[in-house]
Amino acid sequence: MSGAGWLAGGIRLLVTVVVACALAACSAMQLTYNNADVLARFMASDYADLSAEQSAHFKARFAALHGWHRHQELPIYAQLLRTTGERIDRRLTTEDIRWAIDAVRDRYHRLVVRAVVEGAPVLASLTPEQHAQLEKRFSENNRKYAKDNLEGDEKKLNSRRASRLNDYFSDWIGRLTDAQEERIARFAPEHGRVQALRMEDRRRRQREALLILRSERDPSRLARRLATLFANPDEGRSAEYEAAMARYETRLAELVIDIDRSLNEEQRARAVRRAKRYSDDFSV
């Protein structure tokens, strides 16, 4: 869940670092999270050249978001990870997978709504030149996404997708068995069509975000419109994308259940310890 790269539009300036630090498998997570304000300003400058006044305003608004997230959300993350470890320990069910998906979506919704409220005054002050900078940056990111995920030989793309999935699972359970890698390889092609549809939807939301930023100068109205766009990502999707995502989530749940059933004692113990370690990091 990396929670990184999942927001398009100006709101990404405020959200990405918090999500990346909160969900990334990183041994330096505490140090990174505690210095998120510096990283956020660096990322913001990568999307648009902020004036001194905008930069100071951004710093203050992000500090408010960061403080809220630290005191309100991290304790919930800690509890979610403790519960995750308990569920892994007793073996996962389809109900557990649905619980996890719903929990992540709920936290995502709360974070985005809070972020747009904090970020709207800064976003409302962006100039036409800064809008153009955002649009250019979106295009650059889209080209990179397409190159990494959609372009080239399908066999190589599936191999790359399987390799990334192997890394995700091995972060939690350690070295994979041959059978586990084979099961993941069978799932990898499922991801291809979803990524193509995701690219189309990503461009749609970027266009809508830019339209809102260019047409709305009132921070409160801007916040409401951006929250509607980003806090409920299912809205506005094509019927094809909706159907593909439903199939993908079903197949993904089947994959996780199959991997869980194949875990040996050492792998399961490692996953439980991993969940506890993340929970402890969030608590700290």
Side-chain angles (χ1 to χ4, degrees), residues 1-24 26-78 107-138 140-141 205-206 209-231 281-284:
M1 306 177 246
S2 114
W6 48 264
L7 274 182
I11 198 61
R12 181 175 181 145
L13 305 183
L14 282 175
V15 176
T16 305
V17 169
V18 170
V19 176
C21 295
L23 301 181
C26 175
S27 61
M29 181 168 65
Q30 291 178 28
L31 177 63
T32 305
Y33 187 83
N34 291 337
N35 290 279
D37 59 334
V38 177
L39 294 175
R41 293 200 300 277
F42 176 80
M43 292 182 66
S45 67
D46 194 42
Y47 279 80
D49 295 327
L50 300 182
S51 68
E53 182 179 0
Q54 288 173 325
S55 183
H57 204 181
F58 177 89
K59 179 179 179 180
R61 305 303 294 196
F62 188 86
L65 173 64
H66 196 198
W68 166 83
H69 189 266
R70 181 190 300 279
H71 294 289
Q72 299 297 320
E73 292 297 287
L74 290 191
I76 298 174
Y77 293 178
R107 300 340 298 169
Y108 167 87
H109 182 276
R110 284 177 55 83
L111 177 57
V112 171
V113 170
R114 183 73 181 212
V116 295
V117 170
E118 296 294 350
V122 179
L123 295 174
S125 74
L126 296 181
T127 66
E129 291 77 14
Q130 290 170 322
H131 295 153
Q133 291 171 355
L134 280 174
E135 186 171 22
K136 180 181 178 181
R137 185 59 168 155
F138 292 160
E140 292 171 352
N141 287 346
R205 291 199 294 161
Q206 288 171 346
L210 285 167
L211 180 62
I212 293 170
L213 289 170
R214 284 168 169 150
S215 63
E216 188 59 78
R217 312 306 294 178
D218 179 78
S220 60
R221 290 196 296 267
L222 178 64
R224 286 196 296 272
R225 294 179 66 183
L226 287 177
T228 298
L229 177 62
F230 289 116
D281 281 341
F282 292 139
S283 295
V284 171

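- In this structure, L126 and L123 have side chains that are in contact, with non-hydrogen atoms separated by less than 4.5 Å.
- Across all their heavy atoms, I76 and R107 have their closest contact at CD1-NH2, 3.2 Å.
- Counting only heavy atoms from C-beta outward, the side chains of Y77 and D281 never approach each other to under 4.5 Å.
- With contacts defined as side-chain heavy-atom distances shorter than 4.5 Å, the pair E73/R114 does not qualify.
- For E118 against A64, the heavy-atom pair with the smallest separation is OE1-CB, 3.6 Å.
- No side-chain heavy atom of V116 sits less than 4.5 Å from a side-chain heavy atom of R225.
- The distance from the CZ atom of R205 to the CG atom of L226 is 11.5 Å, given to the nearest 0.5 Å.
- With E216 contributing its side chain and R221 its backbone, the two residues share no donor-acceptor pair below 3.5 Å.
- Atom CG of residue D218 and atom CZ of residue R224 lie 7.0 Å apart, to the nearest 0.5 angstrom.
- The two residues V122 and Q54 come nearest to each other via the heavy atoms CG1-O, 4.4 Å.
- In this pair, F58 and F62 present their aromatic rings parallel. The plane angle is below 30°, not in the 30 to 60° band.
- Residues R61 and H57 are in side-chain contact: their nearest non-hydrogen atoms beyond the backbone lie under 4.5 Å apart.
- Contact of the H69 side chain with the L74 side chain is registered, since non-hydrogen atoms from C-beta on lie closer than 4.5 Å.
- Here the side chains of W68 and R110 are in contact, with some heavy-atom distance below 4.5 Å.
- By the 4.5 Å heavy-atom criterion applied to side chains, V117 and L65 are not counted as neighbours.
- Here the shortest heavy-atom pairing between Y108 and F230 reads OH-O, 2.8 Å.
- To the nearest 0.5 angstrom, R137 atom CZ is 14.0 Å from E135 atom CD.
- When all heavy atoms of P219 and A120 are compared, the closest pair comes out as O-CB, 3.2 Å.
- For the residue pair E53/S51, the side-chain donor-acceptor check at 3.5 Å is not satisfied.
- Going from atom CD of Q130 over to atom CG of L50 covers 6.0 Å, rounded to the nearest 0.5 Å.
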